[in-house]
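Since the structure comes first, as structure tokens, the remarks are kept for the end.
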Amino acid sequence: MKKIIAANWKLNKSPSQARTFFSSFTSAPSKEVTTVFFPSAVCLETVSVIAKEKQFQFGMQNVYFQGSGAYTGENSAAVLKELGGQFVLVGHSERRSLFGETDDLVQKKAQHIQSLGLTPMICIGETLEERENKKTYRVLESQIEIGLANLTSQVVIAYEPVWAIGTGRVATEEQVADAHQFIYEQLVKRGCQDTPILYGGSVKADNSKDLIQLPNVSGFLVGGASLEPQSFQSIIHSTISI
Ligand code: PGA
């Protein structure tokens, strides 16, 4: 399976800062890796122009489950499609914890995204409290169950343990392998065994080479380390030709 290495820029970078980033970013060989950028919505058009030239994919960090209408402040997947983007992050833990995004909303958004022929990248993951209370499997199973309900075509899962996001505390190889195995089994049960499963949470060039070799790890969703071209490129290159 082709690896997917995605950059989640969150609320960072203006259009001019995005241009500066790409002036020293060289795309990976696209036969081996699909590189995806998730800029903030205001940078989308800028990134869409550069994406054609540098041959990478891009997407939105969040959309509403309607394409247009009286929804002040929301973003449209239809606009992403017009710009040539393919992916949308859904249910990132920051959306869930800071903006009250529920499983129900995650499902509606994922369905809407698929109805436009785009690919939802559904983020799942347990909090530290849930892990310590041995609820990891239960949480993942229910997020998969709800997130994938009524989906018909292509989807990507990003496993991001909440306690590893932006904390510098990467999950151990054993924890990643174990969670990815569990997620894979859930996908097999639902006939979606070809779904890529990305890992996210403090991925850096010095841990990506080992993590990518674990079974059922199809790529990464990278936050902090995707903001500098060199560090993001090192992560991409560490996953090539293994
Ligand atoms: P991080 O963020 O790599 O900075 O931990 C990952 C994410 O939030 O997707």
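As the structure lists them, so they are numbered: ligands from 1, and atoms in each ligand from 1.
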Rounded distance [0.5 Å steps], CZ in Phe38 versus CG in Leu44: 10.5 Å

Contact partition for Asn8 relative to ligand 1, non-hydrogen atoms under 4.0 Å: side chain

Single-linkage hydrophobic cluster Ile236~Tyr199, side-chain heavy atoms < 4.5 angstrom: yes

Phe37 ring center within less than 6.0 Å of Phe22 ring center: yes

Residue, atom name and distance, where the atom is the protein heavy atom closest to atom 4 (O) of ligand 1: Gly224 N, 2.9 Å

Pairs touching residues 117-141 that satisfy side chain to side chain donor-acceptor pair (under 3.5 Å), sequence neighbours left out: Gln86-Thr119, Glu126-Arg131, Glu126-Tyr159, Glu126-Trp163, Thr127-Glu130, Arg131-Tyr159, Tyr137-Asp178

Side chain Arg96, main chain Cys123, donor-acceptor under 3.5 Å: yes

Protein contact to atom 3 (O) of ligand 1 [nearest heavy atom, distance to 0.1 Å]: Gly223 N, 2.8 Å

Crowding at CD, Glu174 (>12 non-hydrogen neighbours, <6.0 Å): no

Residue, atom name and distance, where the atom is the protein heavy atom closest to atom 7 (C) of ligand 1: Glu160 OE2, 3.2 Å

Val222 N/O to ligand 1 N/O under 3.5 Å: no

Gly166 N/O to ligand 1 N/O under 3.5 Å: yes

Atoms of ligand 1, numbered as shown, that sit under 4.0 Å from any heavy atom of Ala164: 5 (O)

